[in-house]
Amino acid sequence: MASKRKSEGKSEDDKVSAKKPAPFWKTGLLSSMHDPDLQVYKDGKVIIIKDKYPKAKFHFLVMPKDNIPNLKSLKKENIELLKHMHEKGKETAEKSDPDLQFRLGYHAVPSMSHLHLHVISQDFDSPCLKNKKHWNSFTTEYFVDSEDIIKELEKNGKVIKDVSHSQELLKKNLRCHVCRKEMTTIPALKTHIKQHSYKKS
DNA sequence: GTTGTGATCC
DNA sequence: GGATCACAAT
């Protein structure tokens, strides 16, 4: 099991085989977090912005000012920061709509660089929610509750996620996050979930 | 925070 | 035609 590099006689490609620059769009969050028009909160440790493509009536991203790439790079010393992110995210949610249900959590495999905590209302009523991946990334175990991340960090000193399994979650059949009813298409699902209430009890 | 687009399936 | 899938992109 030596090198995994594929060398099928195409010598020109070997020149870039070692490089793996992130796609240009992956860094979009970094510029957006400094966009005054998107910011809804800022303090010494974190910045909260409105998601550019909100997947629900309210959808925010809480990001640490320090560049923490992902969940895997979290250490015990970051526990306080994560709790702070959760607290400020929760405050932003209540400020937006005190009666609406929210979830705070992380994607198992985020598309964008820079650690970001999703704060999203559970109505999922948004024209930006268009496909299966969108739905499953917020309604399956692909969405990991912030509190569970903090617990795992406190217990193990690190956060381990099974990436391979996470990709399968995104392909699961569409299912209502409230009553678990299975729907065949996105439009049918969107019609169905409007019948539920997302107010706090 | 991938979205957008064109091909393909139903 | 509508919805999903597969792939490119500054």
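Just so you know, these numbers use all the heavy atoms, side chains as well, and skip hydrogens, waters and symmetry mates. Below, chains carry the letters A, B, ... as their sequence lines are ordered, and counting in each starts from 1. In this text, all values refer to a predicted model and were calculated from it rather than measured experimentally.
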Q: Give A:Y106 one of three labels, base, sugar-phosphate or nothing, depending on what nucleic acid heavy atoms sit under 4.0 Å from its own.
A: nothing
Distances under 3.5 Å only, N/O to N/O: pair up the protein atoms with those of nucleotides 3-8 of chain C.
{"from": "C:dT4", "atom 1": "OP1", "to": "A:I186", "atom 2": "N", "distance (Å)": "2.8"}

Q) Is the shortest side-chain N to carboxylate O distance from A:E152 to A:K155 below 4.0 Å? A) no
Q: Can you measure from OH (A:Y106) to NZ (A:K161) and round to the nearest 0.5 angstrom?
A: 13.0 Å
**Q.** Pair A:F143 + A:H177: ring centers closer than 6.0 Å
**A.** no
Q. Is it true that A:D145 and A:R103 have a side-chain N and a carboxylate O under 4.0 angstrom from each other?
A. yes
Q. Base, sugar-phosphate alone, or nothing: which one does A:K171 contact when heavy atoms must sit under 4.0 Å apart?
A. nothing
Q.
Can you tell me how far apart CD1 (A:I68) and CG (A:L81) are? Round to the nearest 0.5 Å.
A. 5.0 Å
(Q) Rounded to whole Å, how long is the line connecting atom NE2 of A:H134 with atom C1' of B:dG4? (A) 11 Å
Q) Atom NE2 in A:H107, atom CG in A:L169: separation rounded to 0.5 Å? A) 11.0 Å
(Q) Determine whether the aromatic ring centres of residues A:H196 and A:F124 are separated by less than 6.0 angstrom. (A) no
**Q.** Donor-acceptor under 3.5 Å (A:K55 side chain, A:Y53 main chain)
**A.** yes
Q. Starting at CG of A:N136 and ending at C1' of B:dT2, how long is that distance when rounded to a whole Å?
A. 17 Å
Q) Hey, can you pull the residues of residues 22-40 of chain A with a non-hydrogen atom under 4.0 angstrom from DNA chain C? A) A:F24, A:W25
Q: Describe the nucleic acid contact of A:H114 in one word from base, sugar-phosphate, nothing, applying a heavy-atom distance below 4.0 Å.
A: nothing
